[in-house]
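Here is how names work: the chains are called A, B, and so on, in the same order as the sequence lines, proteins then strands, and each is numbered from 1.
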Amino acid sequence: MDPYILELIQKKHPQIAERGLQDEIATVGKLMTFKRGDVILDYGSYVKYVPLIIEGIIKVTRENEDGNELFLYYLEAGQTCSMSFTCCMMNKKSDIRTKAEEDTTVVGIPIKYMDLFFKYQSWKNYIMRSYDERMKELVLTIDSIAFKKMDERLLEYLRKKVRVNGDPVISITHQKIAYDLNASREAVSRLLKQLEKAKRVELGRNMIILSLKEMD
DNA sequence: ACATTAATTGTGT
DNA sequence: ACACAATTAATGT
């Protein structure tokens with residue numbers, strides 16, 4: 001049993017309330033760290049661990065048949081990857097890619113314990129709650145893609161990025177944003193220009209500053 | 001410090 | 001969406 005992991009779980013994942021479960025996780029869990037930019041799980045690979053996120057940000061993207069990537073959502077400290085449950089329960093290949101947006105620390109639970117842990121009530125609650133949160137977030141994302149215009153989607157994208165990074169200065173190229181939103185680079189550049197004229201952002205090379213009034 | 005090259009952004013069609 | 005121009009940053013000499 002690793003007392004350090006125990007402490008991290010208690011501190012960052014209070015939903016996992018039962019002491020017995022905490023102890024088991026601290027026994028079988030593996031502390032894993034990823035550097036910013038590391039691909040944690042790629043399309044087509046098998047899930048070996050379910051990650052409980054301790055610190056950092058994980059970006060989740062989906063790829064279609066033509067190789068276009070689409071940004072889905074961020075995972076933050078205190079959360080876990082719902083996708084990985086279903087994947088590993090059914091021993092399925094991953095439909096998504098996860099990448100460390102910032103340096104990230106997770107406690108990885110080997111998949112064989114997923115079933116076992118269901119004897120704990122707080123594990124059930126934790127998993128269900130996690131699914132619920134993810135569903136809500138995904139529905140919002142679908143709304144955004146299906147019904148909103150690109151300028152709104154871009155603003156939402158920037159806001160999310162600022163929120164998870166805790167910094168109004170975003171360092172990214174227009175091209176990368178375009179990939180995430182499945183748009184053309186020119187469209188993104190032009191929309192950003194409009195936003196700049198409207199004093200809603202400031203632009204620089206590899207840099208976008210979202211004005212504070214744009215945050216909720 | 002200067003020239004060269006590469007990467008990023010802007011614009012017209 | 002494409003082609004190309006303009007600008008800015010990175011690198012070599």
Check this for me: does the side-chain of A:Arg190 come within 3.5 Å of the base of B:dG12 through a donor and an acceptor? yes

Value in whole Å for how far the C1' atom of B:dT11 lies from NZ of A:Lys197: 11 Å

Please collect all salt bridge (charged side-chain N to carboxylate O under 4.0 Å, His left out) contacts where either partner lies in residues 86-95 of chain A, sequence neighbours excluded, each pair once. A:Lys92-A:Asp95

May I have the distance from A:Gln194 (atom CD) to B:dT9 (atom P), rounded to whole angstrom? 17 Å

In whole Å, what is the span from the CG atom of A:Leu192 to the P atom of B:dG10? 8 Å

Rounding to an integer number of Å, can you tell me how far A:Ile208 CD1 sits from C:dT8 P? 16 Å

Determine the interplanar angle of the A:Tyr126 and A:Trp123 rings, folded into 0 to 90°, and report it as parallel if under 30°, tilted if 30 to 60°, perpendicular if over 60°. parallel

Here the distance between atom C1' of B:dT9 and atom CD of A:Glu202, to the nearest Å, is 17 Å

In this structure, how many angstroms lie between the P atom of B:dT9 and the OH atom of A:Tyr179, rounded? 13 Å

From CD of A:Glu196 across to C1' of B:dT8 the rounded distance in Å is 15 Å

Expressed as a whole number of angstroms, how long is the span from A:Arg205:CZ to C:dA10:P? 7 Å

Which label fits A:Phe71 and A:Tyr157: parallel for a plane angle under 30°, tilted from 30 to 60°, or perpendicular past 60°? perpendicular

For B:dG10, does OP1 or OP2 lie under 4.0 Å from any side-chain N or O of A:Lys193? yes

Determine, stepwise, if the pair A:Arg190 / A:Glu186 fulfils salt bridge (charged side-chain N to carboxylate O under 4.0 Å, His left out). CA-CA 6 Å; A:Arg190 286 178 166 131; A:Glu186 293 93 320; over 6 Å; no

